[in-house]
Structures are given as structure tokens and as C-alpha cells.
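Beneath this line is the structure, given in C-alpha cells, with notes to follow.
Quantities reported herein were computed from a predicted structural model and do not represent experimental measurements.
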Amino acid sequence: MTNIKTWIDEYHRGSRFGLNGKLLVKKNSKYQEIIVIENDFYGKALMLDGCWMTSLKDEKYYHECLVHPALNSIEEIDNVLIIGGGDGGTARECVKYSKIANIDLVEIDEEVIKVSKTFLQEIGGKAWNDDRLTIHIDDGVKWVKETKDNYYDVIFIDCSDPSEFSNLLFSDSFYKECKRILKRKGILATQSESPESFKNIHISILKTLKKIFRVSETMYSFVPIYPSGIWSWSFASEEELYLSQPNYKDALEIEKGCEIWNLNFQKAAFKMMPNKIIKELNS
Ligand code: SPD
């Protein structure tokens with residue numbers, strides 16, 4: 001690769017969201033194009049099939065929001081499933097909890113893990129060497145289908161935007177299967193796209209979760225390198241969640257090791273649903 005800086009853009013409905021920097025990786029895996037660029041402000045950043053996934057500077061906005069509301073809500077956790085998450089950021093946040101016994105990370109594209117371990121080591125950090133983490137190179141939909149009932153305490157869906165290759169991860173049938181393999185008090189936590197740049201799919205995720213689970217709640221925050229910046233994460237369960245009124249044992253310890261998440265941040269983020277989304281959900 002050359003030392004010359006170049007622009008890499010995510011194109012989204014006539015807008016583009018770009019980073020300028022040194023290109024470190026540009027290759028095609030069996031599933032997708034993988035790019036890593038090094039930008040002066042955001043640090044190293046990963047793009048898959050033309051969409052920004054993560055950057056060293058802003059990834060904590062994403063991973064801390066996906067992980068901590070769910071893991072703080074349950075006292076005893078045996079088994080955690082991460083679907084996608086090949087950069088390791090979700091696993092890194094999970095291994096902060098000693099109460100977790102086992103983490104299965106199911107990533108379809110082995111190349112994403114290899115590139116992340118080589119070029120974005122800091123994102124997975126300690127998780128890559130944690131004995132509780134097992135990496136499975138497999139299809140998440142198939143994995144869930146083949147898992148026995150009532151097995152996982154928490155399932156994290158850390159996937160790309162809907163595409164031909166990831167569509168099923170947003171489907172009714174997939175969420176139903178996730179519900180089947182979760183324990184009664186289990187929680188499904190998924191990135192739920194942007195209420196601005198992916199409004200239709202965002203609404204559709206929220207409606208589907210509401211239809212399938214007894215309880216679902218959504219939080220909003222920012223991921224600066226994603227189209228429009230505003231992003232969301234949704235949590236669903238058969239038990240009450242009370243995510244906007246968290247009162248968690250041990251949360252202070254976790255807060256100390258976080259860059260973004262804390263209890264007040266969570267309280268506010270679960271009250272941030274834009275009015276246009278409330279109106280559409282009620283219509
Ligand atoms: N628009 C990008 C959505 C990607 C969400 N997943 C990011 C993976 C970070 N672990």
C-alpha cells in the first residue's frame with residue numbers, strides 16, 4: 001500500500017460520508033470488500049462493502065451502547081452470543097463482566113476477524129485472549145436455528161446494515177428464533193440503525209421487536225462516522241427492562257472503564273426517541 005492519502009467515502013442517498021487517510025487494506029473476502037484506512041482524527045477505520053463499520057476514535061459510542069444496558073440488567077449470566085462483531089469491540093466490552101461464563105462470537109467472515117486482529121488490535125483488546133471467548137466462523141442465522149431452547153442470557157446482534165447478505169438478521173423469523181434460544185429473563189440487544197438515514201428499516205426493526213417480544217426499548221446516541229451520525233440500539237425481552245430508570249448493582253465499576261456510557265447517559269439515551277419516530281410507531 002502507498003503512503004499517499006486518499007478519500008474513502010460511504011455513499012448514502014446522494015450524500016457521502018468520507019475519511020481521508022492512508023489506505024492500509026483494500027481486499028475482497030469471500031463475502032465483501034474490506035477496507036482499512038488511517039485518518040488523522042478518527043484513527044484507523046474499517047469499511048465493509050462501502051459502509052463504515054467502526055473507527056478507533058468513535059467505536060466506543062457504538063460498542064458501549066450496545067453492550068452495557070443489557071449486561072447490567074441481568075445479575076447472573078452464563079452464556080452470551082454475539083452475532084457479527086468481528087472487529088471484537090462488542091466482545092471487549094463483554095469481557096469486563098466477571099459474571100459472564102462463556103461468550104460465543106459467531107462471525108461469518110473470517111477475513112474481518114483477521115484484518116481486525118492485525119490492523120485494529122485495540123478494538124478487540126483483551127477479549128481476543130480471554131478464555132471465555134470462543135470464535136465460530138459461521139452463519140449467525142444458522143447458528144441460532146441450531147441452538148437449543150433457553151440457552152443464552154444475552155444475544156447481541158452486531159451486524160452491518162441490511163443488504164442481500166445480512167437481510168435475514170432483521171427478519172421476523174430470525175427474531176423469533178432468538179426469542180426461542182434466550183432464557184426467560186434473557187435479553188436481545190441489537191443495533192437498530194439510524195432514525196434519520198435509515199428511518200424505514202429503523203421503524204421496521206422497532207415494530208418487529210414489539211410484535212415478537214413482550215417488552216422492547218430503544219436508545220439513541222451518536223456514531224460520528226455513520227451516515228447522519230445519529231444511531232440507535234434496541235433491547236427486547238419477555239421480562240420488564242426499565243432501561244430508562246437503571247439502578248444497577250456494580251455499574252459504577254463498569255462506568256469507570258467506559259469512555260461514553262454511564263447511568264445518566266443511559267437514562268437520557270432511552271428518552272431520546274425523536275417525535276417523528278414516536279408518531280410513525282403510533283400510526
Ligand atoms: N452503518 C453501519 C452499521 C454497522 C453496525 N455494525 C458495526 C459493527 C461494529 N462492531
Side-chain angles (χ1 to χ4, degrees), residues 1-13 15-63 66 82-93 103-130 133-143 156-170 191 193-194 197-198 223-227 231:
M1 292 283 153
T2 142
N3 266 338
I4 297 169
K5 288 188 175 174
T6 183
W7 278 98
I8 299 288
D9 295 324
E10 172 170 348
Y11 290 83
H12 187 78
R13 299 174 154 193
S15 307
R16 54 185 191 185
F17 300 86
L19 294 179
N20 180 257
K22 210 164 69 181
L23 197 57
L24 302 179
V25 179
K26 188 175 186 337
K27 58 158 81 162
N28 286 299
S29 71
K30 199 166 130 194
Y31 296 98
Q32 57 204 336
E33 182 189 57
I34 302 176
I35 289 178
V36 179
I37 188 170
E38 181 154 23
N39 171 270
D40 286 347
F41 187 73
Y42 284 101
K44 286 182 243 168
L46 172 70
M47 173 181 264
L48 298 179
D49 261 354
C51 298
W52 291 115
M53 289 295 120
T54 203
S55 77
L56 290 187
K57 182 164 169 62
D58 81 342
E59 56 95 5
K60 293 202 171 72
Y61 277 103
Y62 179 93
H63 295 114
L66 178 65
I82 301 171
I83 296 177
D87 54 52
T90 296
R92 180 203 65 222
E93 292 304 314
I103 304 166
D104 291 315
L105 187 157
V106 181
E107 165 64 59
I108 199 165
D109 193 345
E110 187 171 18
E111 208 51 52
V112 172
I113 295 186
K114 284 189 185 154
V115 165
S116 300
K117 282 185 171 174
T118 311
F119 293 92
L120 305 157
Q121 234 290 331
E122 302 92 318
I123 295 186
K126 288 187 186 152
W128 295 130
N129 296 318
D130 193 296
L133 178 72
T134 311
I135 295 170
H136 309 269
I137 304 302
D138 209 339
D139 172 359
V141 174
K142 175 171 154 273
W143 183 272
F156 292 108
I157 306 177
D158 182 7
C159 60
S160 315
D161 304 321
S163 67
E164 209 181 318
F165 141 75
S166 65
N167 266 343
L168 283 178
L169 295 175
F170 297 86
Q191 71 93 353
E193 301 290 324
S194 169
S197 51
F198 291 90
V223 184
I225 66 165
Y226 290 175
W231 212 257

**Prompt:** Hey, does the side chain of Arg92 reach the backbone of Ala127 with a donor-acceptor pair shorter than 3.5 angstrom?
**Reply:** no
**Item:** For the student: nearest non-hydrogen atoms of Ser166 and Pro162, plus distance
**Value:** OG-CA, 3.4 Å
**Message:** List the residues meeting side chain to side chain donor-acceptor pair (under 3.5 Å) with Tyr226, not counting sequence neighbours, and say none if there are none.
**Reply:** none
**Asked** Got a sec, which residues hit salt bridge (charged side-chain N to carboxylate O under 4.0 Å, His left out) with Glu193, two or more places apart in sequence or on another chain?
**Response** none
**Sequence-distant partners of Asp40, side chain to side chain donor-acceptor pair (under 3.5 Å), two or more places apart** = Lys5
**Reference residue Leu105; test side chain to side chain contact (heavy atoms under 4.5 Å, CB included); the match among Ile113, Thr90, Thr134** = Ile113
**Asked** Minimum heavy-atom separation for Ala91 to Leu133, with atom names?
**Response** CB-CD1, 4.1 Å
**Prompt:** What pairs with Ser194 under side chain to side chain contact (heavy atoms under 4.5 Å, CB included), at least two apart in sequence or on another chain?
**Reply:** Glu196, Ser197, Phe198, Ser228, Ile230, Trp231
**Message:** Would you say that Leu66 contacts Phe156 through its side chain, given a criterion of any heavy-atom pair below 4.5 Å between the two side chains?
**Reply:** yes
**Message:** So does Asn20 get a backbone contact from the side chain of Asn39, meaning a donor-acceptor N/O pair under 3.5 Å?
**Reply:** yes
**Request:** Working to the nearest 0.5 Å, report the span between CD1 of Ile8 and NZ of Lys22.
**Result:** 14.0 Å
**Request:** Using the test side chain to side chain contact (heavy atoms under 4.5 Å, CB included), find all partners of Asp9 that sit at least two apart in sequence or belong to another chain.
**Result:** Trp7, Tyr11, Arg16
**Item:** Side chain to side chain, Glu59 and Asp87, heavy atoms closer than 4.5 Å
**Value:** no
**Request:** Hey, could you give me the CH2/CD1 distance between Trp52 and Ile35, rounded to the nearest 0.5 Å?
**Result:** 7.0 Å
**Item:** Nearest heavy-atom neighbours spanning Cys159 and Phe170
**Value:** SG-CZ, 3.5 Å
**Approximate separation, where rounding is to 0.5 Å, of Glu93 CD and Ile123 CD1** = 11.0 Å
**Between CG on residue Leu24 and CD1 on residue Ile34, distance to nearest 0.5 Å** = 13.5 Å
**Asked** How far does CG of Asp138 sit from CD1 of Ile108, to the nearest 0.5 angstrom?
**Response** 7.5 Å
**Request:** Under the side chain to side chain contact (heavy atoms under 4.5 Å, CB included) rule, collect the residues that match up with Cys51, sequence neighbours excluded.
**Result:** Glu10, Met53, Asp161
**Request:** With side-chain contact (heavy atoms from CB on, under 4.5 Å) as the test, would you mind laying out the steps for Gln32 and Val112 before giving the verdict?
**Result:** CA-CA 9 Å; Gln32 57 204 336; Val112 172; 3.4 Å; yes
**Counterpart residues, salt bridge (charged side-chain N to carboxylate O under 4.0 Å, His left out), relative to Asp130 (two or more places apart)** = Arg132
**Prompt:** Taking only residues two or more places apart in sequence, or in another chain, which ones meet Trp128 in a ring pair (Phe, Tyr, Trp, His ring centres under 6.0 Å)?
**Reply:** none
**Prompt:** Would a 4.5 Å heavy-atom cut-off, applied to side chains only, mark Leu19 and Met47 as touching?
**Reply:** no
**Request:** Apply side-chain contact (heavy atoms from CB on, under 4.5 Å) to the pair Asp158 and Ile83, showing each step before the final yes or no.
**Result:** CA-CA 6 Å; Asp158 182 7; Ile83 296 177; over 6 Å; no
**Message:** Checking Lys44 now: which residues fulfil salt bridge (charged side-chain N to carboxylate O under 4.0 Å, His left out) with it, not counting sequence neighbours?
**Reply:** none
**Asked** Among all residues two or more places apart in sequence or in another chain, which pass the side chain to side chain contact (heavy atoms under 4.5 Å, CB included) test with Asp58?
**Response** Tyr42, Ser55, Tyr61, Val223, Pro224, Ile225
**Message:** Once salt bridge (charged side-chain N to carboxylate O under 4.0 Å, His left out) is applied, what residue pairs with a partner in residues 103-122 remain, sequence neighbours excluded?
**Reply:** Lys27-Glu111
**Message:** Applying ring pair (Phe, Tyr, Trp, His ring centres under 6.0 Å), can you list everything that pairs with Tyr31, at least two apart in sequence or on another chain?
**Reply:** Phe165
